[in-house]
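So that the names make sense, note that chain A is the first sequence line, chain B the second, and so on, each numbered from 1.
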Protein chains: 2
Amino acid sequence: MKENTQKKMYTEMECAKNLAAVEDALYVLGGKWKLRIIIALVSGYTRFNEIQRTVKGISARVLSNELKSLEMNELVKRVVHADCVPVIVEYVPTDYTETLKELVSILGKWGINHKKRITSTN
Amino acid sequence: MKENTQKKMYTEMECAKNLAAVEDALYVLGGKWKLRIIIALVSGYTRFNEIQRTVKGISARVLSNELKSLEMNELVKRVVHADCVPVIVEYVPTDYTETLKELVSILGKWGINHKKRITSTN
DNA sequence: ATTACTACTAACCTTTTATATACTACTAAC
DNA sequence: GTTAGTAGTATATAAAAGGTTAGTAGTAAT
């Protein structure tokens, strides 16, 4: 016996759509490192070792993989300056990366606020 | 020889602050399931099996753990209706959960847009 | 009596994610 | 010539996350 008498705040379809949309986003941005790397990139840290130093705790292997994944999603562009010796490689954010600024900003603000909330004695 | 001539878009301190703030947020909201569960909750799915059916793919074990974690962070309240038989347990979003609506909305919008972008032939 | 639903938990196992160490090959400083 | 930096890759291992199965203890329908 199913009770359909409950008032849902959203219809099933709306819920499913939100779920699917957030899943799509998390597929690209989820995980421990991706957003952190993006922050480093837009902060102007564009070279491999520089990014590794900025994003504390990440290993070269993981950074390498994550950069490839971000590149596939057009959130970073790998630029090789072949004229220099030794060759310089830069990972530069794209115009599309800009579309994440609002998201990162809101996430950061929420994080600051949440830390305050949880830290403060109740 | 260190080249400090590069123009950084943000100072080191700003970058570190953003990084720390986003880390704090991801500690609470990161992972495969937490945001999805929150969407189910605010959509009106409040009972254990109901949430499990809505958040496709999650196991009871993981759902149970995630709900505990969300409860600790005041994003859900466990309400037991002891008067009913069998006992009914509800997981209800709190007022604080409202502070995530903007974030979830932006993330969802980004996800929809990104899917379009990647799916479309270039 | 058997099946199914409720709200979980425990034990165990697999998959995913991440780390550590070493290594390439070249440059440049001390 | 020794150390350090550049941009990574290879291999192996460890840790974290998640899944599977089974089980509790009760109700309620077939």
Side-chain angles (χ1 to χ4, degrees), chain A residues 1-6 19 23 26-38 40-41 44-73 76-92, chain B residues 1-6 19 23 26-38 40-41 44-73 76-92:
Chain A
M1 200 179 284
K2 303 213 179 100
E3 346 139 3
N4 287 327
T5 50
Q6 277 182 294
L19 241 15
E23 267 165 52
L26 289 182
Y27 187 78
V28 178
L29 305 173
K32 194 171 173 182
W33 301 112
K34 296 210 184 68
L35 286 175
R36 292 172 213 204
I37 293 169
I38 286 166
L41 291 174
Y45 299 90
T46 56
R47 294 177 61 181
F48 192 91
N49 286 355
E50 201 177 34
I51 299 165
Q52 201 185 353
R53 263 179 262 116
T54 305
V55 180
K56 299 213 165 59
I58 198 167
S59 67
R61 192 184 98 118
V62 170
L63 179 55
S64 178
N65 291 338
E66 296 289 64
L67 285 171
K68 276 173 199 156
S69 157
L70 291 174
E71 211 188 338
M72 283 200 306
N73 286 295
V76 72
K77 197 167 170 1
R78 187 177 190 269
V79 180
V80 181
H81 300 273
D83 49 328
C84 317
V85 109
V87 156
I88 282 174
V89 180
E90 278 193 300
Y91 294 90
V92 296
Chain B
M1 197 182 286
K2 304 218 178 96
E3 345 142 3
N4 288 327
T5 49
Q6 276 183 295
L19 241 16
E23 266 164 52
L26 289 182
Y27 187 78
V28 178
L29 305 173
K32 196 172 170 182
W33 301 112
K34 295 210 184 65
L35 285 175
R36 291 172 214 205
I37 293 169
I38 286 166
L41 291 174
Y45 299 91
T46 55
R47 296 179 57 184
F48 192 91
N49 286 355
E50 203 176 34
I51 299 166
Q52 199 184 353
R53 262 180 261 118
T54 305
V55 180
K56 298 212 165 59
I58 198 168
S59 68
R61 188 187 99 116
V62 172
L63 178 55
S64 177
N65 291 340
E66 297 289 63
L67 285 171
K68 275 173 198 157
S69 156
L70 291 174
E71 212 189 336
M72 283 199 307
N73 285 296
V76 71
K77 197 166 171 357
R78 187 176 190 268
V79 179
V80 182
H81 300 273
D83 48 328
C84 317
V85 111
V87 155
I88 282 174
V89 180
E90 278 193 299
Y91 294 90
V92 296

Could you encode protein contacts along nucleotides 1-16 of chain C as a string, one character per nucleotide from 5' to 3', using B for base contact, S for sugar-phosphate-only contact and - for no contact, with a heavy-atom cut-off of under 4.0 Å?
-----SSBB-BB----

Mind grabbing the angle between the end helix axes of the helix from C:dA1-D:dT30 to C:dC30-D:dG1? Five pairs an end, 10° rounding.
10°

Would you classify B:Gly30 as touching base, sugar-phosphate or nothing, given that sugar-phosphate means primed atoms plus P, OP1 and OP2, and contacts are heavy atoms under 4.0 Å?
nothing

So does B:Glu50 get a backbone contact from the side chain of B:Thr54, meaning a donor-acceptor N/O pair under 3.5 Å?
yes

Does a salt bridge link B:Glu23 with A:Arg36, judged by any charged N lying under 4.0 Å from a carboxylate O?
yes

Can you find a heavy atom in the side chain of A:Leu29 that is under 4.5 Å from one in the side chain of A:Ile38?
yes

Ignoring hydrogens and angles, tell me if any N or O in the side chain of A:Gln52 forms a donor-acceptor pair with the backbone of A:Asn49 under 3.5 Å.
no

How many Å lie between CG on B:Leu26 and P on C:dA18, as a whole number?
12 Å

Heavy-atom check, side chain of B:Leu41 versus side chain of B:Val92, under 4.5 Å:
no

Check the distance between D:dT6's P and A:Asp83's CG and give it to me in whole angstrom.
18 Å

Using a heavy-atom cut-off of under 4.0 Å over every strand shown, decide if B:Gly31 touches base, sugar-phosphate, or nothing.
nothing

Return the value, rounded to whole Å, for the distance between atom CH2 of A:Trp33 and atom P of C:dT19.
5 Å

Could you check whether any side-chain heavy atom of A:Thr46 comes within less than 4.5 Å of a side-chain heavy atom of A:Val79, counting everything from C-beta outward?
no

To the nearest Å, how far apart are A:Leu63 CG and D:dT6 P?
13 Å

For a quick test of reading the model, state the closest non-hydrogen atom pair linking A:Ile51 to A:Ala40 and the distance between them.
CG2-CB, 4.4 Å

Can you name the side chain to side chain contact (heavy atoms under 4.5 Å, CB included) partners of B:Lys34, sequence neighbours left out?
B:Glu66, B:Ser69, B:Leu70

